[in-house]
Amino acid sequence: MKTRFYIIFLFTISLLTTSLISCGDSKRKVVVYSPHGKEMLAEFEKQFETANPEIDVQWLDMGSQEVYDRVRNESANPQADIWWGSPSTLFMKAEKENLLAQYTPSWSSSISANHKSKNNFWYGTFLTPEVISFNNKVLTKETAPKSWEEIIAPAWDNKFVIRNPMASGTMRIIYSAMVENSVKQTGSDVKGFEWLKALDRNTGSYAADPTQMYLKLSSNETPVTLWNMPDIILQSKLYNYPFDYNFPQPSTVVAVDGIALVANSQNPEDAKKVYEFVTSQEAMILQANKFYRIPSRTDIPKDKLPDWIQNAKYKEMQLDWEMISEKESEWMKKWDSEIKGKGN
């Protein structure tokens with residue numbers, strides 16, 4: 001009798017296990033490539049799967065350039081469904097190379113024309129103003145540089161620490177913006193590279209990674225840098241770094257971070273659900289308050305955003321992002337070979 005009961009018990013367990021495995025396998029998979037970091041990706045994976053238990057969101061966290069390279073290399077057999085996060089210049093390249101799928105999100109009318117693809121291949125999610133950041137134990141808003149011209153003044157000789165531009169999307173965009181302005185105003189890149197040469201003279205140190213830059217910015221020797229506003233606020237609020245910032249005058253570079261569907265992906269319809277979920281008003285408000293992101297959507301209620309966003313007063317520099325996307329690599333190679341370390 002005991003043997004019969006034991007056999008029935010094992011059979012029942014086997015059926016339950018098979019059933020559970022079957023349920024797990026039946027979930028539809030959406031793959032997200034993103035540089036947004038495991039904290040934010042894990043948060044939205046959990047939220048989305050709770051609301052959509054039939055879909056399994058899987059993400060790979062990697063650098064922006066690595067995402068672009070991977071999407072391009074996999075174009076014959078795409079492994080990702082969504083590309084969430086990277087400077088718009090990379091999305092522009094991907095659009096030209098037919099790596100993205102057209103999609104018009106439900107909130108398409110609530111974003112500025114210069115913060116999205118003209119043909120609906122990518123949309124901006126976050127705006128990132130670049131600022132002059134400084135060590136507030138050494139400088140104040142009044143004594144720190146306040147304009148692009150002040151940055152290159154001799155008074156700041158060797159006072160800047162700069163994140164290595166060749167490895168930094170933030171710095172590549174700032175440097176490229178200076179050259180683009182030169183081309184736009186004079187028809188030549190000469191003035192832009194002269195500005196970069198003067199900044200090189202004022203740069204006491206190039207930091208290999210952001211952490212090294214934060215440490216050097218905390219010192220008396222190199223108390224000034226150029227960096228993005230949200231990260232400076234995050235570092236000061238969460239890690240108590242003595243950082244403050246000025247918006248460069250007369251206007252500042254504002255990088256646009258985007259999102260897109262990957263062309264010919266395996267799960268395009270479920271990918272659209274994830275796309276809409278992570279760009280909803282509720283998601284944008286959470287991203288602003290918990291992850292220090294400035295929404296690109298213009299329909300987010302101001303009173304739902306943190307004070308540092310509500311109080312941010314800056315003028316966006318008008319840039320030819322198509323030109324920057326096309327010429328950035330060439331300009332940065334020239335900076336690396338002809339300017340870096342030669343200003344002193």
Side-chain angles (χ1 to χ4, degrees), residues 20-21 23-71 74 78-87 90-91 103 105 107 122-128 168-170 209-211 214 228-239 255-262 265-297 300 304-306 308-309:
L20 287 172
I21 291 173
C23 283
D25 287 342
S26 69
K27 283 191 173 185
R28 305 191 300 272
K29 183 175 70 175
V30 173
V31 178
V32 181
Y33 287 177
S34 176
H36 284 327
K38 63 180 181 181
E39 290 83 4
M40 195 160 99
L41 295 172
E43 171 90 29
F44 283 94
E45 175 193 8
K46 181 181 177 181
Q47 285 197 16
F48 180 82
E49 290 180 349
T50 299
N52 301 272
E54 74 282 8
I55 299 175
D56 175 21
V57 173
Q58 299 182 1
W59 46 262
L60 273 74
D61 180 22
M62 62 188 97
S64 295
Q65 185 66 41
E66 190 178 0
V67 175
Y68 166 72
D69 291 339
R70 192 155 178 162
V71 169
E74 294 173 351
Q79 300 300 301
D81 300 291
I82 298 181
W83 176 1
W84 182 24
S86 283
L90 286 180
F91 284 105
Y103 179 62
W107 45 270
W122 59 268
Y123 274 73
T125 50
F126 311 126
L127 304 180
T128 308
S168 166
T170 294
D209 57 57
T211 300
Y214 305 145
N228 74 74
M229 171 203 179
D231 193 43
I232 289 298
I233 293 175
L234 183 154
Q235 297 302 324
S236 63
K237 287 184 178 294
L238 294 188
Y239 305 113
V256 179
D257 196 276
I259 188 170
L261 298 179
V262 175
S265 77
Q266 299 179 29
N267 304 288
E269 294 308 314
D270 287 336
K272 292 174 186 175
K273 294 180 181 178
V274 176
Y275 187 123
E276 291 285 346
F277 189 88
V278 300
T279 58
S280 66
Q281 279 201 0
E282 294 77 11
M284 288 290 185
I285 291 168
L286 177 62
Q287 290 156 18
N289 284 283
K290 188 171 182 178
F291 299 103
Y292 295 86
R293 314 283 175 156
I294 302 176
S296 59
R297 285 182 62 163
I300 307 294
K304 300 293 185 184
L305 299 175
W308 65 270
I309 294 180

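Small disclaimer: the values here were computed from a predicted structure and weren't measured. This chain uses plain numbering: 1 for the first residue, then up along the sequence.
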Please find the pair of heavy atoms, one from [X] and one from [Y], that lie closest to each other, and give the distance.
X      : Y      : value
Gly85  : Ser64  : O-OG, 4.4 Å
Pro230 : Thr128 : CD-CG2, 4.0 Å
Ser34  : Val67  : N-CG2, 4.2 Å
Asp56  : Gln58  : OD2-NE2, 2.9 Å
Ile259 : Thr279 : CD1-CG2, 4.1 Å
Pro295 : Leu305 : CG-CD2, 3.9 Å

List for me each residue that meets salt bridge (Lys or Arg N to Asp or Glu O under 4.0 Å) alongside [X], sequence neighbours excluded, and say none if there are none.
X      : answer
Asp270 : Arg28, Lys273
Glu49  : none
Arg293 : none
Lys237 : none

Check the pair Val31 / Ile82 against side-chain contact (heavy atoms from CB on, under 4.5 Å), numbers first and verdict last. CA-CA 7 Å; Val31 178; Ile82 298 181; over 6 Å; no
Apply side-chain hydrogen bond (donor to acceptor under 3.5 Å, both in side chains) to [X] and list each qualifying residue two or more places apart in sequence or on a separate chain.
X      : answer
Ser168 : none
Lys272 : Glu269
Gln281 : Asp299
Asp69  : Gln65, Arg72

Q | Side-chain donor or acceptor of Asp61 paired with backbone N/O of Glu39 under 3.5 Å | A |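 Side chain of Asp61 to backbone of Glu39: no pair is present.
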* Asked: Is there a donor-acceptor pair closer than 3.5 Å between any side-chain N or O of Gln266 and the backbone N or O of Pro78?
  ->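 Indeed, once roles are kept as given, a pair shorter than 3.5 Å links the two residues.
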> For residues Tyr214 and Asp231, is any side-chain donor paired with an opposing acceptor at under 3.5 Å?
Replying inline: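 Note: Tyr214 and Asp231 side chains meet the donor-acceptor criterion.
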Strictly by modelled atom types, are Tyr103 and Glu276 linked by a side-chain donor-acceptor pair under 3.5 Å?
yes
State the [atom1]-[atom2] distance between [X] and [Y], to the nearest 0.5 angstrom.
X      : Y      : atom1 : atom2 : value
Leu238 : Tyr292 : CG    : OH    : 4.0 Å
Glu74  : Ser265 : CD    : OG    : 12.0 Å
Asn228 : Ile233 : CG    : CD1   : 9.5 Å
Trp84  : Thr125 : CH2   : OG1   : 8.0 Å
Glu66  : Leu90  : CD    : CG    : 12.5 Å
Phe277 : Ile55  : CZ    : CD1   : 10.5 Å

Partner residues of [X] under the ring pair (Phe, Tyr, Trp, His ring centres under 6.0 Å) criterion, sequence neighbours left out:
X     : value
Tyr33 : none
Trp59 : none
Tyr68 : none

How are the rings of Phe126 and His36 set to each other: parallel, tilted or perpendicular (split at 30° and 60°)?
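It falls in the perpendicular class, over 60°.
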- Query: Do the side chains of Phe44 and Leu286 get nearer than 4.5 Å, heavy atoms only?
  - Reply: yes
### Message
Is any side-chain heavy atom of Ile294 closer than 4.5 Å to one of Trp308?
### Response
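The answer is yes, as the side chains (C-beta and beyond) meet within the 4.5 Å cut-off.
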Side chain to side chain contact (heavy atoms under 4.5 Å, CB included) filter on Ser296, not counting sequence neighbours, yields Ile111, Leu127
Ring pair (Phe, Tyr, Trp, His ring centres under 6.0 Å) test vs Tyr123 passes for just one of Trp83, Tyr275, Trp107, namely Trp107
Audit row: Val278, Phe48, side-chain contact (heavy atoms from CB on, under 4.5 Å) steps and yes/no: CA-CA 8 Å; Val278 300; Phe48 180 82; over 6 Å; no
Notebook entry, point to check: Yes or no on side-chain contact (heavy atoms from CB on, under 4.5 Å) for Val256 and Phe91, after CA distance, side-chain angles and deciding distance?
Noted result: CA-CA 10 Å; Val256 179; Phe91 284 105; over 6 Å; no
